Amino acid sequence: NTRGDLKTPGVNSPYRERSIEENKALFEAMRAGEFKDGEKVLRAKIDMASPNMNLRDPVIYRIQRAHHFNTKDAWLIYPMYDFAHPMEDAFESITHSLCSLEFEDHRPLYDWFVEHTDVPDKPRQIEFGKLKIANEVIGKRYIKQLVDEGIVEGWDDPRLITLSGLRKRGIPPKAIHQFVHALGLPKSQGETELEMLYEAVRGVLGEEAPRVHAVLDPIKVTIENYPHDTEELKVPFHKDNETLGERVLPFGKTLYIEREDFIEEKPNKKWKRWALGIEVRLMHAYFVKAERVIKDDQGRITEIIATYDVKTKSGSDFNERKPNGTIHFVEASTAQPIEVRLYEPLLLPDQDKSVDFKDKLNPDSKTVVQGFIEPHLEALTTRSVQFTRLGYFHQDDEAAHVYHRIVPLKSSFKRK
RNA sequence: UGGGCUAUCGCCAAGUGGUUAAGGCAUCGGACUUUGACUCCGACAUCGAAGGUUCGAAUCCUUCUAGCCCAGCCA
């Protein structure tokens with residue numbers, strides 16, 4: 001190697017002082033195919049002693065009998081990136097050519113080419129730091145590993161921060177724009193927390209997403225004093241955005257609620273959900289009181305027997321009592337089964353930067369659960385909805401019964 | 001350690017001699033609530049370190065420290 005190393009200068013090529021005419025002739029010959037691949041190169045004559053390696057008479061053209069996807073086999077010689085970059089920018093009248101930080105050392109060379117060639121424009125290269133997100137796999141070669149090894153399901157796996165992955169997950173483009181815009185184009189080299197993207201997503205979807213009832217971990221509720229089988233409630237899709245319209249929400253004698261919304265004994269006054277002997281409001285419906293539970297052999301609750309109070313119907317101005325909280329439900333006979341995929345960061349929080357990313361893969365980055373969703377949603381014009389009290393979810397392109405969790409709702413509820 | 005670059009709150013990020021050192025995320029209080037959501041109030045830094053210049057410095061100078069990048073006929 002004649003380029004030297006970081007501390008010692010390179011040595012000049014023996015052909016460095018060859019005449020321009022001679023070089024031009026040789027270059028034509030290169031192009032004409034008179035030499036074998038790798039036999040000759042064209043170099044820029046700059047400074048073999050430069051502390052910047054890029055300036056040590058860099059190669060700018062090499063012979064390569066390669067098939068090009070666009071120009072096919074028309075060319076035998078191809079320029080190096082460092083030469084092609086400023087030339088393309090200049091010919092295309094690029095004013096600001098943005099690239100990442102590792103090209104800072106190449107800028108002097110970029111400028112040298114612009115300066116020493118007869119080009120129509122004087123473009124300028126500006127570098128910025130790449131966007132990294134904590135606990136996510138960003139690099140293409142690493143993502144490729146995950147894909148190749150089947151750790152994720154493809155380049156569009158909703159856990160990946162690829163555009164196709166974000167799309168499949170249902171992250172709104174507007175949220176990506178806001179997120180990126182908030183970060184700016186700095187030269188610092190940190191990692192952004194995913195939560196910042198999530199918050200942009202919630203901001204967008206909070207206004208636009210219809211609210212819908214779904215239960216992901218169902219437990220059965222029977223209202224023993226309910227005199228009918230079912231009834232239909234007219235409820236809005238979004239309390240604060242009436243342009244989203246209304247839907248018909250079935251209510252009935254048999255319902256499903258979220259298992260974690262019920263506990264036999266109210267643990268403390270902070271508990272704003274359901275418990276035996278306590279009344280909660282079923283959102284958009286009635287107050288219900290838990291009377292007793294039925295358990296299986298293992299002592300696991302299989303059913304809650306409750307009573308309801310007609311007077312407390314949503315929309316009546318009943319205010320004689322306050323419920324302990326409001327929970328959501330789905331009517332059992334009309335509910336549609338759904339599969340819900342829950343996503344978490346691909347990597348476990350890392351304390352140690354030196355740990356290989358393969359050693360900190362999060363085993364729970366994806367979990368699949370079976371649940372129920374309220375019926376009659378065919379007319380929805382958007383596939384991104386809020387499952388009330390749970391989060392934002394996106395219906396899969398192909399499988400209508402599959403929902404991807406885009407992002408959970410924030411919660412100030414502290415377990416334990 | 002030859003050269004280049006970066007260092008401002010837990011995470012992003014404004015700020016380029018005179019500001020109470022923006023803002024967002026997170027966090028912690030509290031109000032409101034038919035989503036423990038949303039919304040609303042409130043709390044939350046002296047600027048990597050040490051010297052120096054100045055009436056006055058995160059902003060200028062000096063020295064240090066830490067991290068990132070560069071020795072492909074890759075991009």
Side-chain angles (χ1 to χ4, degrees), chain A residues 1-10 37-43 49-56 58-64 77-82 84-85 99-109 127-134 140 178-200 202-203 205-207 209 211-213 235-236 238-241 261 270-273 280-287 312-316 318-319 322-323 325-328 353 386-392 408-415:
Chain A
N1 193 333
T2 61
R3 297 187 86 190
D5 62 29
L6 295 179
K7 291 178 191 175
T8 53
D37 282 15
E39 193 177 334
K40 293 254 187 283
V41 293
L42 177 66
R43 294 172 71 182
S50 171
N52 183 342
M53 299 295 295
N54 298 301
L55 263 21
R56 321 246 261 227
V59 170
I60 60 179
Y61 264 99
R62 80 283 212 189
I63 305 168
Q64 216 169 75
I77 58 172
Y78 290 93
M80 298 293 287
Y81 165 87
D82 277 325
H85 185 208
C99 61
S100 44
L101 250 26
E102 64 268 31
F103 292 103
E104 280 177 320
D105 287 341
H106 296 242
R107 179 158 24 93
L109 182 53
E127 309 83 14
F128 62 90
K130 282 180 184 168
L131 165 58
K132 289 195 204 128
I133 296 177
K140 285 188 289 293
Q178 286 177 9
F179 172 65
V180 170
H181 190 254
L183 295 173
L185 215 54
K187 293 181 80 171
S188 49
Q189 65 224 351
E191 289 189 322
T192 300
E193 291 170 347
L194 192 59
E195 200 55 34
M196 212 164 145
L197 205 214
Y198 282 2
E199 197 44 31
R202 293 189 193 102
L205 261 18
E207 293 178 18
R211 277 91 229 259
V212 139
H213 286 194
V235 307
H238 189 137
K239 190 176 44 149
D240 306 315
N241 184 352
D261 280 341
K270 292 252 193 178
W271 179 257
K272 300 219 276 188
R273 304 181 186 186
V280 289
R281 152 151 261 135
L282 290 175
M283 194 186 289
H284 300 307
Y286 306 90
F287 284 15
T312 61
K313 181 165 183 174
S314 184
S316 69
F318 180 85
N319 60 2
K322 284 280 182 194
T326 300
I327 65 174
H328 61 99
K353 286 269 189 230
Q386 181 192 103
F387 287 176
T388 302
R389 301 208 307 134
L390 299 175
Y392 295 98
L409 248 31
K410 281 202 283 195
S411 172
S412 57
F413 174 57
K414 295 160 197 78
R415 298 155 197 291

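Given the structure is predicted, the values throughout are model-derived calculations rather than measurements. Below, chain A is the first sequence line, B the second, and so on; all start at residue 1.
Take A:His238 and apply the ring-ring contact (aromatic ring centres under 6.0 Å, His included) test, not counting sequence neighbours, and it matches no residue. The side chain to side chain donor-acceptor pair (under 3.5 Å) test applied to A:Glu195 returns A:Arg202, not counting sequence neighbours. Under the side chain to side chain donor-acceptor pair (under 3.5 Å) criterion, A:Arg107 pairs with A:Glu127, sequence neighbours left out. Partners of A:Lys187 under the side chain to side chain donor-acceptor pair (under 3.5 Å) rule, at least two apart in sequence or in another chain, are A:Glu104. Residues forming a side chain to side chain donor-acceptor pair (under 3.5 Å) with A:Asp5 (at least two apart in sequence, or on another chain): A:Thr8. Partners of A:Tyr198 under the ring-ring contact (aromatic ring centres under 6.0 Å, His included) rule, at least two apart in sequence or in another chain, do not exist in this structure. Shown here are the ring-ring contact (aromatic ring centres under 6.0 Å, His included) partners of A:Tyr81, two or more places apart in sequence or in another chain: A:His85, A:Phe103.
OP1 and OP2 of B:A37 both lie 4.0 Å or more from every side-chain N or O belonging to A:Thr388. Side-chain nitrogen and oxygen atoms of A:Arg62 include at least one within less than 4.0 Å of the OP1 or OP2 phosphate oxygen of B:C74.
If you check every strand for non-hydrogen atoms under 4.0 Å, A:Glu104 touches sugar and phosphate atoms only. A:Asp105 comes within 4.0 angstrom of a base, heavy atoms only. Within the nucleic acid shown, A:Arg211 comes within 4.0 Å of at least one base atom, counting heavy atoms only. Nucleic acid contact for A:Tyr198: none, since no nucleic acid atom lies under 4.0 Å from a heavy atom of the residue. As judged by a 4.0 angstrom heavy-atom cut-off over every strand, A:His328 is placed among residues making no nucleic acid contact. A:Glu207 comes within 4.0 angstrom of nothing in the nucleic acid, heavy atoms only. Residue contacts for A:Leu183: at a heavy-atom cut-off of 4.0 Å it reaches the sugar-phosphate backbone alone, with no base atom in range. Residue-level contact check: A:Gly190 touches the backbone only, with heavy atoms under 4.0 Å from sugar-phosphate atoms and none from bases. Heavy atoms of A:Gly315 sit under 4.0 angstrom from at least one base atom.
Shown here is A:Glu102, whose CD atom has more than 12 heavy atoms of other residues, nucleotides or ligands within 6.0 Å.
For A:Ser314 against B:U34, a side-chain-to-base donor-acceptor contact under 3.5 Å is present.
Exactly one residue among A:Asp37, A:Val41, A:Leu42 makes a side-chain contact (heavy atoms from CB on, under 4.5 Å) with A:Arg62. That residue is A:Val41.
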field: nucleotides 23-29 of chain B: protein proximity per nucleotide (B base, S sugar-phosphate only, - neither; heavy atom, under 4.0 Å)
entry: -BSS-S-
All N/O contacts under 3.5 Å from nucleotides 45-47 of chain B to the protein, with atom names and distances to one decimal?
none

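Rounded to whole angstrom, the span from the NZ atom of A:Lys322 across to the P atom of B:C32 amounts to 10 Å.
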